[in-house]
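This report refers to the structure that appears directly beneath it.
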Amino acid sequence: MSERRVRVGTGAGFSDDRIDPAAEMAERGDVDYLVFECLAERTIARERQARLADPERGYTPYLVERFQAVLPAVHARGIRVVTNMGAANPLAAARAVRGEAVALGLGPMPVAVVHGDDVTEVVRAHPELPLLETGEPLESILPDMAAANAYLGADTIRDALATGAPVVMTGRVADPSLFLGCMLHGLGWRYDDYPRLAAGTVAGHLMECAAQLTGGCFADPGPKDVPDMATIGFPFADVTANGDLVLGKPDGSGGRLDEMTCKEQILYEMHDPARYITPDCVLDITGVDFQAVAPDRVRVTGARAAPRTDSYKVVVGYHDGWVGEGQVGYAGPNALARARLAEQVVRQRLEMRGFSYPEIRVDYIGMSSLHGMGSGRVEPYEVRLRIAARSRDREAARAVGFEVRTLHVNGPAGGGGGTNALREVLAVKSVLLPRELVDPGVRVEVVA
Amino acid sequence: MKVYELAHARAGDKGNTSNVSVIAYDDAAWATLRERLTGERVAAAFAHVAAGPVTRFELPRLRALNFVIENALGGGVTVSLALDAHGKSLSYLMLDIDLE
């Protein structure tokens with residue numbers, strides 16, 4: 001009898017990800033588990049505001065579209081879905097999924113909901129916790145706090161899958177843990193079996209950004225070509241009970257999966273490669289090897305892991321004022337000089353109105369907006385001036401775009417295509433919270 | 001000779017820190033990069049966009065270097081005034097470094 005094996009596929013790698021590859025994965029990927037990772041750092045703070053306005057909102061915006069695309073195949077094939085699309089309201093997200101299943105004629109579909117990542121009230125009681133970014137106490141941002149959520153681990157996913165519900169809905173869970181949890185459930189791994197946790201965590205880390213493993217964010221015509229990029233497929237992992245790991249993507253999908261794409265993605269958002277901290281373990285990738293075993297199939301070996309730390313990382317979202325911005329374009333002879341004159345005029349007009357800003361950023365798009373004004377920049381034919389500034393005062397921020405917009409009529413010659421924007425800033429910082437303060441709130445509820 | 005001729009790269013973000021991987025195409029490129037693409041050289045090339053410090057990690061099995069560049073992202077993606085708040089394009093600032 002062959003060794004037990006599960007196939008875990010990726011259905012999304014960020015909140016605005018493409019939808020078709022998830023349908024392909026469900027219909028033709030032959031997967032046991034389908035994982036959608038859809039939460040950026042600030043998403044929950046934003047969605048918590050949506051929930052305050054409407055108690056049935058607060059989950060990720062594309063939830064309905066994503067489930068519509070996969071539910072028929074998920075139902076027909078018995079695929080288990082795991083996702084953090086619940087954001088700030090996993091319970092309402094679960095109800096939305098159930099409603100969609102009924103609407104599609106699939107009947108009642110239980111959804112297991114993971115609770116306990118919301119630690120807003122817990123951290124409020126601990127203003128002394130140091131912020132990881134600055135060392136200042138949490139107290140400094142508490143008055144503006146919008147939400148605080150702990151990155152839960154794979155054990156929560158394992159327990160939610162154990163309920164038998166076809167769908168697992170969570171708020172904040174660490175990205176690799178969403179995948180590792182499927183392996184704990186499907187392969188019966190112990191939560192202290194660190195060689196296995198290493199294999200599952202490296203698999204999750206490699207797959208959590210979906211197409212970034214299979215040729216997305218990779219193509220550079222000439223040195224790095226990617227075939228059929230328009231139909232790029234998402235990755236899956238075949239994992240055996242003893243931790244053998246082979247990555248793949250659906251046959252017939254576009255893109256490429258090989259040692260080069262794997263090397264780029266394993267180092268993505270990695271700091272010390274010997275100490276990648278997740279809620280489940282401390283991963284060490286310095287011994288990892290990639291070996292192509294077939295076209296678009298790569299074996300991954302050599303991941304190691306040390307025991308998990310005694311704390312959870314918590315993302316604290318808080319209101320941090322406003323950002324206003326405006327853009328306007330110039331082209332042809334002396335374009336850069338006219339853009340520079342426009343900048344001076346806007347600065348002067350903002351000053352005349354009595355506004356000052358802790359930070360103003362000026363970009364000459366086409367020259368300096370991405371890599372700064374390095375030495376030896378060639379003056380381009382077209383220049384687009386962009387001015388952005390932050391302020392605690394909404395009106396001061398709004399004035400930035402206003403004064404750029406008025407340049408059409410009141411600025412240098414030939415300025416066109418003016419735009420302006422104003423946004424409220426939801427910033428994030430992090431603290432570490434001892435496990436014993438988080439664990440009591442963690443539980444699984446089945447919405448049936 | 002630019003890093004672009006020897007390696008490929010990808011940039012990631014965490015808070016106000018960018019990390020840029022540099023992955024050699026072959027053994028000869030790896031030897032050159034390991035010797036010449038120092039943390040100091042990277043810090044100098046990024047000086048006008050990042051205050052630093054810059055930490056270099058070596059991954060010989062992958063023939064890769066990983067540079068962790070602090071104070072690089074205008075305060076972090078959520079508050080940055082930059083158009084490319086994630087610093088996704090910084091991989092090509094790395095590849096543009098001249099090793100002569």
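Here is the naming used below: chain letters follow the sequence lines, and residue numbers restart at 1 for every chain. Bear in mind that the values here come from a model prediction, so they are computed numbers and not experimental data.
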Point-to-point distance, once rounded to the nearest 0.5 Å, from [atom1] of [X] to [atom2] of [Y]:
{"X": "A/Gln265", "Y": "B/Ser21", "atom1": "CD", "atom2": "OG", "value": "9.5 Å"}
{"X": "B/Thr55", "Y": "A/Asp272", "atom1": "OG1", "atom2": "CG", "value": "9.5 Å"}
{"X": "B/Ser18", "Y": "A/Glu269", "atom1": "OG", "atom2": "CD", "value": "9.5 Å"}
{"X": "A/Asp363", "Y": "B/Asp84", "atom1": "CG", "atom2": "CG", "value": "10.5 Å"}
{"X": "B/Leu62", "Y": "A/Lys263", "atom1": "CG", "atom2": "NZ", "value": "6.0 Å"}
{"X": "B/Leu95", "Y": "A/Asp220", "atom1": "CG", "atom2": "CG", "value": "8.0 Å"}

Heavy-atom pair count under 4.5 Å with chain A, highest-scoring of [options]:
{"options": "B/Val77, B/Leu59, B/Asp96, B/Val49", "result": "B/Leu59"}
{"options": "B/Ala45, B/Ala9, B/Ala64, B/Gly76", "result": "B/Ala9"}
{"options": "B/Phe67, B/Tyr4, B/Phe46", "result": "B/Tyr4"}
{"options": "B/Gly75, B/Ser80, B/Gly87", "result": "B/Ser80"}
{"options": "B/Val68, B/Leu90, B/Leu83", "result": "B/Leu83"}

Can you give me the closest heavy-atom contact between [X] and [Y], atom names plus distance?
{"X": "B/Leu81", "Y": "A/Ala388", "answer": "CD1-O, 3.7 Å"}
{"X": "B/Asn19", "Y": "A/His271", "answer": "CB-CD2, 4.2 Å"}
{"X": "B/Gly12", "Y": "A/Tyr268", "answer": "CA-CE1, 3.7 Å"}

Legend entry - CZ/A/Arg275: more than 12 non-hydrogen atoms of other groups inside 6.0 Å: no
Legend entry - Exceeds 12 heavy-atom contacts within 6.0 angstrom, atom CZ of A/Arg398: no
For [X], is it the side chain, the backbone, both or neither that has a heavy atom under 4.5 Å from a heavy atom of chain B?
{"X": "A/Cys262", "result": "neither"}
{"X": "A/Glu424", "result": "neither"}
{"X": "A/Phe290", "result": "side chain"}
{"X": "A/Leu132", "result": "neither"}
{"X": "A/Glu133", "result": "neither"}
{"X": "A/Ala389", "result": "backbone"}
{"X": "A/Leu426", "result": "backbone"}

Verify, without hydrogens or angle tests, whether [X] (side chain) and [Y] (backbone) share a donor-acceptor contact under 3.5 angstrom.
{"X": "B/Arg61", "Y": "A/Gly302", "answer": "no"}
{"X": "B/His8", "Y": "A/Thr261", "answer": "no"}
{"X": "B/Arg10", "Y": "A/Leu267", "answer": "no"}
{"X": "A/His371", "Y": "B/His48", "answer": "no"}

Legend entry - Full working for side-chain contact (heavy atoms from CB on, under 4.5 Å) between A/Glu264 and B/Ile23: CA-CA 7 Å; A/Glu264 283 198 20; B/Ile23 301 152; 3.6 Å; yes
Looking at [options], which has the largest count of heavy-atom pairs under 4.5 Å with chain B?
{"options": "A/Asp289, A/Val323, A/Asp320", "answer": "A/Asp289"}
{"options": "A/Met270, A/Lys429, A/Glu259", "answer": "A/Met270"}
{"options": "A/Ala427, A/Ala274, A/Gly317, A/Ser369", "answer": "A/Ala427"}
{"options": "A/Met373, A/Arg423, A/Glu41, A/Gln212", "answer": "A/Gln212"}

Inset, instruction - Under 4.5 Å heavy-atom distance to chain A, tell me which part of B/Asp13 shows up: side chain, backbone, both or neither. - result: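 It is both, since atoms from each part get that close.
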Legend entry - Per-residue contact mode, B/Ala47 against chain A (heavy atom under 4.5 angstrom): neither
